[in-house]
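This chain uses plain numbering: 1 for the first residue, then up along the sequence. Atoms within each ligand, like the ligands themselves, are counted from 1 in listed order. Just so it is clear, the structure is predicted and the values come from calculations on it, not from any experiment. Because only heavy atoms are used, hydrogens play no part in the values below, and waters and symmetry mates are left out as well, while side chains stay in.
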Amino acid sequence: MFDVIVIGGGAAGFYTAIHIAEARPHLKIAILERGKDVLGKVKVSGGGRCNVTHAEFDPRELVKNYPRGEKELLGPFHTYCSGDTVAFFEERGINLKIEPDGRMFPTSDSSQTIIDCFLGEAARLGIKVLKHSAVSAIESLPMENHETAWQITTIKHQYQCKKVVVATGSNPKIWKLLKDLGHSLVPAVPSLFTFNCKDKCISGIPGVSTMAEVEVFENRVYQSKVTTKLKSNNGKSAILTSDGPLLITHWGLSGPAILKLSAWGARVLNEMEYRFKIRVNWLPEYNFEGLMGLFSEIKEIEAKKTVLRTKAVEVPRRLWTNLVRASDISETDKWADITKNQLEKLARQLTECELKIDGKSTFKEEFVTAGGIDLKEINFKTYESKKLPGMYFAGEVIDVDAITGGFNFQNAWTGGYIAAQAIANAFK
Ligand SMILES: Cc1cc2nc3c(=O)[nH]c(=O)nc-3n(C[C@H](O)[C@H](O)[C@H](O)COP(=O)(O)OP(=O)(O)OC[C@H]3O[C@@H](n4cnc5c(N)ncnc54)[C@H](O)[C@@H]3O)c2cc1C
């Protein structure tokens with residue numbers, strides 16, 4: 001018999017258990033982890049460096065990074081935000097540093113620092129960490145005082161507890177258990193992935209990175225399947241747009257501009273089976289007409305020079321070469337020789353480059369799942385289930401996910417902290 005059982009020994013599970021134990025040291029608390037190790041994702045996170053949170057300390061700005069959860073997280077972030085996370089680690093001797101893009105890492109640049117902190121805290125606070133304990137059943141046991149107790153079954157044992165925290169991440173088996181207990185689930189789809197694309201405009205130049213604007217257009221073949229509410233339709237105007245650094249890879253496109261689209265478009269891109277058209281503006285400061293104006297001046301000034309060697313605009317040299325070639329301009333063509341048609345083609349390739357996306361690939365640094373427990377069924381003041389009193393949630397098990405940058409862990413820390421305070425209050 002435990003007072004509290006936390007199911008899942010990941011980021012959210014440890015953060016919740018530690019905060020409950022800090023607030024109520026006399027409680028008997030256990031973490032049940034199915035694997036032989038705990039904190040597996042923390043270990044590999046941020047390329048082994050663990051991007052703990054993001055240096056965005058205003059809740060109203062912070063929520064803008066959550067395609068799912070933007071509205072619901074505003075209140076929780078007012079209670080516990082990224083600054084509180086920084087303080088938590090600082091109080092335990094771990095300083096976080098801010099990188100130029102706002103991501104925050106331990107100064108050790110090692111995720112092991114975070115793992116050691118959690119394991120040390122759990123030991124200090126007397127939290128039982130039970131590994132090889134995959135939970136296969138959760139049942140509520142009505143008590144005489146109208147409260148509920150919980151019976152938690154693992155392959156080895158049966159446990160009872162007064163409060164249960166579900167912090168199992170994106171685990172389909174637990175979602176199924178919760179569904180059987182009466183919760184609604186938003187179906188899971190991948191988020192944070194890169195786009196596969198084979199097009200001569202980007203082939204043979206992996207590693208090239210530049211600022212760009214990207215628009216996604218519906219694929220007509222899949223139009224009838226798309227049920228997600230879209231901004232526009234008929235394949236004419238963009239259904240999603242984003243901007244930022246775009247990275248050309250061996251297999252297609254990556255970088256923040258693409259990852260943002262993969263997160264905000266997680267559901268609709270899934271419905272289109274990851275086959276759609278994008279339009280890239282490699283020169284966000286120009287549109288087609290503006291660039292044609294610039295080209296007509298360059299045609300006069302650089303008349304005797306070859307187009308290929310005279311890069312007229314600020315794009316990486318290797319990309320310029322590819323786009324010039326894709327515009328049917330030969331290596332020897334001079335600015336004076338090229339036709340209006342060729343110039344228009346080049347201006348289109350630079351400002352409205354159309355690429356066919358055919359599938360997705362995993363983004364190695366970080367990937368998450370969109371979907372989970374329906375947010376309408378959670379009380380965000382306590383992270384308690386509205387359907388099953390006495391059950392709390394934290395982390396990725398709920399239908400919240402964010403773009404890359406440390407925001408996914410912040411969701412785990414905030415939910416874990418608030419659930420812990422609510423549970424501590426229940427044991428007053
Ligand atoms: C490669 C990679 C890198 C990432 N890097 C970052 C990053 O740098 N910054 C960031 O913010 N986010 C990052 N993320 C996302 C982040 O890791 C997750 O959002 C976060 O781990 C979610 O925490 P969680 O505790 O909810 O779930 P998890 O970390 O997935 O933990 C859930 C735990 O529950 C256990 N469990 C599942 N089912 C059961 C069961 N039936 N019984 C018992 N235990 C069970 C699992 O084994 C696991 O240990 C990364 C993700 C990946 C995959």
Side-chain angles (χ1 to χ4, degrees), residues 5-18 30-56 62 65-66 68-69 82 85 96 99 101-106 109-111 114-115 118 129-138 152-157 159 164-178 188 190-193 259 263 362-373 383 392-416 419:
I5 285 184
V6 177
I7 310 176
F14 268 84
Y15 213 69
T16 314
I18 289 167
I31 296 177
L32 303 183
E33 166 57 46
R34 70 175 165 172
K36 69 175 176 35
D37 290 315
V38 290
L39 298 162
K41 271 206 204 167
V42 173
K43 178 87 185 151
V44 297
S45 67
R49 295 198 298 141
C50 188
N51 177 193
V52 176
T53 187
H54 201 92
E56 175 52 75
L62 189 60
N65 297 288
Y66 294 81
R68 283 142 298 268
S82 25
T85 306
L96 303 181
E99 303 230 317
D101 58 4
R103 292 181 303 158
M104 298 191 77
F105 295 87
D109 272 332
S110 168
S111 56
I114 305 298
I115 296 176
F118 285 162
V129 179
L130 303 169
K131 299 176 195 169
H132 299 291
S133 299
V135 169
S136 54
I138 307 173
I152 314 290
T153 309
T154 69
I155 25 173
K156 288 188 265 177
H157 299 288
Y159 302 95
V164 63
V165 181
V166 184
T168 41
S170 305
N171 185 290
K173 281 196 189 140
I174 291 286
W175 278 331
K176 166 88 176 49
L177 286 184
L178 295 170
S191 181
L192 293 184
F193 48 83
L259 293 167
T362 308
F363 173 57
K364 295 280 186 310
E365 285 275 298
E366 179 174 344
F367 48 90
V368 292
T369 308
I373 301 288
Y383 279 73
Y392 298 77
F393 301 110
E396 220 179 283
V397 67
I398 68 174
D399 184 24
V400 166
D401 63 273
I403 58 165
T404 179
F407 306 105
N408 282 302
F409 276 141
Q410 188 55 50
N411 167 50
W413 313 141
T414 296

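Residue Glu33 has at least one N or O atom closer than 3.5 Å to an N or O atom of ligand 1. Note: an N/O pair closer than 3.5 Å links Val135 and ligand 1 by distance alone. Between Ala12 and ligand 1, at least one pair of N/O atoms sits closer than 3.5 Å. For ligand 1, the polar-atom distance check finds an N/O of Asn171 within less than 3.5 Å of one of the ligand's N/O atoms. Looking at Cys50 next to ligand 1, no N or O pair under 3.5 Å apart turns up.
Looking only at heavy atoms of the protein, atom 34 (O) of ligand 1 is closest to Gly8 CA, 3.2 Å. Among all non-hydrogen protein atoms, the one lying nearest atom 29 (O) of ligand 1 is Lys41 CB, 3.8 Å. The nearest protein atom to atom 15 (C) of ligand 1, hydrogens excluded, is given as Val368 CG1, 3.6 Å; this is a heavy-atom distance. If you check which protein heavy atom lies closest to atom 27 (O) of ligand 1, you get Gly169 CA, 3.4 Å. At the top of the distance list for atom 5 (N) of ligand 1, counting protein heavy atoms only, stands Gly46 N, 3.1 Å. Counting only heavy atoms of the protein, atom 23 (O) of ligand 1 lies nearest to Ala11 CB, 4.0 Å. Closest to atom 31 (O) of ligand 1, if we only count protein heavy atoms, is Gly10 CA, 3.4 Å. From the protein, the heavy atom lying nearest to atom 9 (N) of ligand 1 is Asn51 O, 3.0 Å.
Taking every heavy atom of Gly406 and a limit of under 4.0 angstrom, the matching atoms of ligand 1 come to 9 (N), 10 (C), 11 (O). Within ligand 1, counting atoms from 1 as listed, the ones closer than 4.0 Å to a heavy atom of Lys364 are 1 (C). Close approach of ligand 1 to Ser133 (heavy-atom distance below 4.0 Å) involves ligand atoms 42 (N), 43 (C). Listed by number with element, the atoms of ligand 1 under 4.0 Å from a non-hydrogen atom of Ala167 are 32 (C), 33 (C), 34 (O). Of all atoms in ligand 1, listed by their number and element, those nearer than 4.0 Å to a heavy atom of Thr168 are 32 (C), 34 (O), 36 (N), 37 (C), 38 (N), 39 (C), 45 (C). Near Ser45, meaning under 4.0 Å from any of its heavy atoms, are these atoms of ligand 1: 3 (C), 4 (C), 5 (N), 6 (C), 7 (C), 8 (O). Listed by number with element, the atoms of ligand 1 under 4.0 Å from a non-hydrogen atom of Leu32 are 43 (C), 44 (N). Close contacts of ligand 1 with Gly395, meaning ligand atoms under 4.0 Å from a residue heavy atom, involve 26 (O).
Two residues are said to be in side-chain contact when any heavy atoms from C-beta on lie closer than 4.5 Å; Arg34 and Asn171 meet this criterion. Side-chain atoms of Thr16 and Tyr383, non-hydrogen and from C-beta on, never get closer than 4.5 Å to each other. Between Ser136 and Ile155 the shortest side-chain heavy-atom distance does not fall below 4.5 Å. Asn51 is not listed as a side-chain neighbour of Phe409, based on a closest heavy-atom distance of 4.5 Å or more. Residues His54 and Asn65 are not in side-chain contact: their nearest non-hydrogen atoms beyond the backbone lie 4.5 Å or more apart.
The option from Phe367, Phe409, Trp413 that lies nearest to atom 51 (C) of ligand 1, judged by heavy atoms, is Phe367. For atom 14 (N) of ligand 1, the nearest non-hydrogen atom from the set Gln410, His54, Glu366, Glu396 comes from Glu366. Proximity annotation for atom 36 (N) of ligand 1: of Lys173, Glu365, Arg34, Arg34 comes nearest, heavy atoms only.
If you look at Ser136 next to ligand 1, there are no close heavy atoms at all, none under 4.0 Å. Looking at Ala402 against ligand 1, nothing comes within 4.0 Å, counting heavy atoms. Only the side chain of Ile174 comes within 4.0 Å of ligand 1, judged by heavy-atom distances.
In this structure, Glu396 CD and Asn411 CG are separated by 8.0 Å, a value rounded to the nearest 0.5 Å. Atom CD1 of Ile152 and atom CD1 of Ile7 lie 4.5 Å apart (nearest 0.5 Å). The line from SG of Cys50 to CG of Leu96 is 9.0 Å long, rounded to the nearest 0.5 Å. Of the inter-residue distances, the one linking Asn408 atom CG with Ile403 atom CD1 reads 9.5 Å to the nearest 0.5 angstrom. Atom OG1 of Thr168 is separated from atom CG of Leu178 by 6.5 Å, given to the nearest 0.5 angstrom.
Residue-ligand proximity: Gly35 is placed with every non-hydrogen atom at 4.0 Å or more from ligand 1. Contact annotation: Gly40 has no heavy atom less than 4.0 Å from any atom of ligand 1.
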Verdict with reasoning, Lys156 to His132, per side-chain contact (heavy atoms from CB on, under 4.5 Å): CA-CA 9 Å; Lys156 288 188 265 177; His132 299 291; 3.8 Å; yes
If you apply the rule side-chain contact (heavy atoms from CB on, under 4.5 Å), what do you find for Arg68 with Ser191, and how did you get there? CA-CA 11 Å; Arg68 283 142 298 268; Ser191 181; 3.8 Å; yes
For side-chain contact (heavy atoms from CB on, under 4.5 Å), just list the numbers for Thr404 and Glu365, CA-CA rounded to whole Å, side-chain angles, deciding distance to a tenth of an Å, and then say yes or no. CA-CA 9 Å; Thr404 179; Glu365 285 275 298; 5.7 Å; no
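Ring-centre distance between Trp175 and Phe393: not below the 6.0 Å cut-off.
Between Phe118 and Phe14, the ring-plane angle classifies as parallel under the 30° and 60° cut-offs.
Between Glu366 and Arg103 there is no salt bridge, since no side-chain N of the basic residue sits under 4.0 Å from a carboxylate O of the acidic one.
Not a single donor-acceptor pair under 3.5 Å links the side chain of Tyr15 to the backbone N or O of Gly395.
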